[in-house]
There are 2 protein chains.
Amino acid sequence: MFMHATLRIAMNDKVFVRDPEQTELGRSIISEGVRLIDELGFEQFTFKKLASEINSTEASVYRYFENKHKLLLYLTAWYWAWLDFQIDFHTNNVTDPEHKLKIIIQIITDSTRYNLDFLPVNKAALHRIVICESSKAYLTKSVDADNKEGLFKNYKALCHKVALLVLAISPGYPYAHALVSTLLEAAHQQVFFAAHLPSLTEVRVTDNDYTQMGSFLEHLVFKAIK
Amino acid sequence: MFMHATLRIAMNDKVFVRDPEQTELGRSIISEGVRLIDELGFEQFTFKKLASEINSTEASVYRYFENKHKLLLYLTAWYWAWLDFQIDFHTNNVTDPEHKLKIIIQIITDSTRYNLDFLPVNKAALHRIVICESSKAYLTKSVDADNKEGLFKNYKALCHKVALLVLAISPGYPYAHALVSTLLEAAHQQVFFAAHLPSLTEVRVTDNDYTQMGSFLEHLVFKAIK
DNA sequence: TTTATAAAGATAGTATTACTATTATTTAAA
DNA sequence: TTTAAATAATAGTAATACTATCTTTATAAA
């Protein structure tokens with residue numbers, strides 16, 4: 001497919017000190033960073049541990065990212081942009097807004113399944129990071145400063161895109177963005193609950209089968225707007 | 001009101017080393033802990049800073065809580081139990097399940113407004129902590145261990161209670177718990193988004209007016225189950 | 001081919017965090 | 001009044017989250 005070679009996710013340059021996509025070291029910071037955050041969790045993850053994994057030094061990692069919070073912001077922003085692209089690609093020639101929204105809910109629910117590129121990032125690990133860590137990217141005292149720098153732009157753009165579709169289906173619905181942000185967050189929460197606090201949800205995810213999640217979210221969204 | 005003097009929230013004793021409610025120092029750890037976490041955010045909050053605020057020592061604080069994560073678990077568990085009590089109290093003589101659910105959504109939306117006790121905890125600050133920090137209590141690598149110790153029991157009990165009500169209204173609805181956990185989480189997320197990332201939601205909260213939040217959530221829930 | 005320069009590595013150092021341990025002092029109960 | 005429990009005071013450790021400096025290596029323009 002012709003897109004494979006050319007797809008690049010454009011990133012806000014405020015999130016990094018040096019663009020990690022431009023160098024070998026930068027790219028290994030990203031790919032090994034994804035692996036390690038997934039393995040250790042964000043709290044236990046440190047630049048020192050990352051540096052040792054990639055046979056580099058702490059100081060070198062700091063030349064790419066100010067701190068691990070910025071790395072998390074980078075990864076989550078990247079994920080949202082990537083999801084946005086997946087949505088565009090898979091709904092490109094779908095005209096019926098309801099059908100389109102259903103496809104989007106499927107993609108949000110099980111993003112890795114729709115993966116069509118060969119970017120050197122472990123999408124499954126990144127998806128797990130988004131599930132467990134992404135809300136930590138904004139639940140901080142620096143949220144307003146980070147927002148001012150545009151670091152949540154990708155998330156907001158995605159939310160807005162889907163909200164517009166909601167409004168196309170139901171022009172009078174007054175909470176399109178609220179519904180979509182709830183949808184996006186619930187899509188991760190419910191996977192987490194299914195895995196760790198299963199009494200909080202009927203949704204079960206076994207063998208990467210996200211069917212129940214999709215049903216729940218689709219039902220929730222379409223009942224709200226129809 | 002007679003309950004004021006007698007209301008005590010029963011806490012799981014696995015969450016603390018020494019019960020903070022039993023001593024003066026313990027109680028100041030809780031009340032000043034709430035104040036400081038609210039002020040600094042959970043990441044910047046340390047036991048050393050807390051100790052200095054209450055004119056005690058780090059070592060003394062550690063005699064009550066193993067670490068700050070356990071303190072956060074304590075505070076959130078306390079909040080859920082307290083919310084559960086508020087719900088019981090305010091829906092005690094309401095028989096119509098739909099009316100009951102509406103009242104519950106109001107309480108979840110604006111818990112501090114329904115405050116009826118005089119427990120020595122700043123409920124407004126605790127509510128802000130729940131909004132900004134509560135998901136960090138479970139989004140950790142220790143979630144399964146913490147869950148095994150019963151540290152999320154209060155949250156699960158609350159979720160189950162509301163889910164049963166959902167099922168009373170709509171016996172065939174297959175996602176009662178998923179809907180309620182989504183509701184509980186959304187109630188905090190949307191307040192946070194309204195304050196910090198307002199393009200993610202139409203909901204606005206001005207002067208502690210949570211009307212729009214209530215409308216959004218009520219609409220979402222009732223459309224889903226009716 | 002030299003030479004500038006940018007990136008990365010090597011090393012060291014600091015302040016803070018997240019604890020643990022020990023001893024002394026105060027307080028409250030038997 | 002004795003005894004025990006709680007707290008304070010102090011010290012110490014390993015890890016974290018950085019910053020600084022200097023050297024080496026790769027790259028590419030003069």
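Atom-to-atom, CD of Gln22(B) to C1' of dA5(D) comes out at 14 Å; the value is rounded to the nearest Å. Following rounding to the nearest Å, Leu25(B) (CG) and dA9(D) (P) show an atom-to-atom distance of 12 Å. Distance, Asp19(A) CG to dA6(C) C1': 16 Å, rounded to whole Å.
For dA8(D), one of the phosphate oxygens OP1 or OP2 lies less than 4.0 angstrom from a side-chain nitrogen or oxygen of Ser56(B). Contact annotation: Arg18(A) reaches the phosphate of dA8(C) (side-chain N/O to OP1 or OP2, under 4.0 Å). Remark: Thr23(A) is in phosphate contact with dA8(C), judged by side-chain N or O atoms under 4.0 Å from OP1 or OP2.
Once rounded to the nearest 0.5 Å, the distance linking CD1 of Ile107(A) with OG1 of Thr112(A) reads 11.5 Å.
Annotation: proximity of residues 59-74 of chain B to DNA chain C (heavy atom, distance under 4.0 Å) is found for Ala59(B), Tyr62(B), Glu66(B), Asn67(B), Lys68(B), numbered in ascending order. Annotation: proximity of residues 34-53 of chain B to DNA chain C (heavy atom, distance under 4.0 Å) is found for Thr46(B), Lys49(B), numbered in ascending order.
Side chain of Gln190(B) to main chain of Met213(B): no donor-acceptor pair is present (N/O by atom type, distance under 3.5 Å, no hydrogens or angles).
Of the options Phe152(A), Tyr138(A), Tyr155(A), a ring pair (Phe, Tyr, Trp, His ring centres under 6.0 Å) to Trp80(A) is made by Tyr155(A) and by none of the others. Considering Tyr64(A), Phe65(A), Tyr79(A) as possible partners of Tyr74(A), the one that fulfils the ring pair (Phe, Tyr, Trp, His ring centres under 6.0 Å) test is Phe65(A).
For an aromatic pair to be called close, the ring centres must be under 6.0 Å apart, and Phe216(B) with Tyr175(A) satisfies this.
Counted within 6.0 Å of NZ on Lys141(B), heavy atoms from surrounding residues, nucleotides or ligands total more than 12; the atom is thus considered enclosed.
Side-chain polar atoms of Thr182(A) and Gln189(B) form no donor-acceptor pair below 3.5 angstrom.
Geometrically, Lys68(A) engages Phe42(A) in a cation-pi contact, judged by NZ or CZ lying under 6.0 Å from the ring centre and within 45° of the ring axis.
Toward the 5' end of DNA chain D, the nearer of the two residues Glu58(B) and Asn55(B), judged by each one's closest nucleotide, is Asn55(B).
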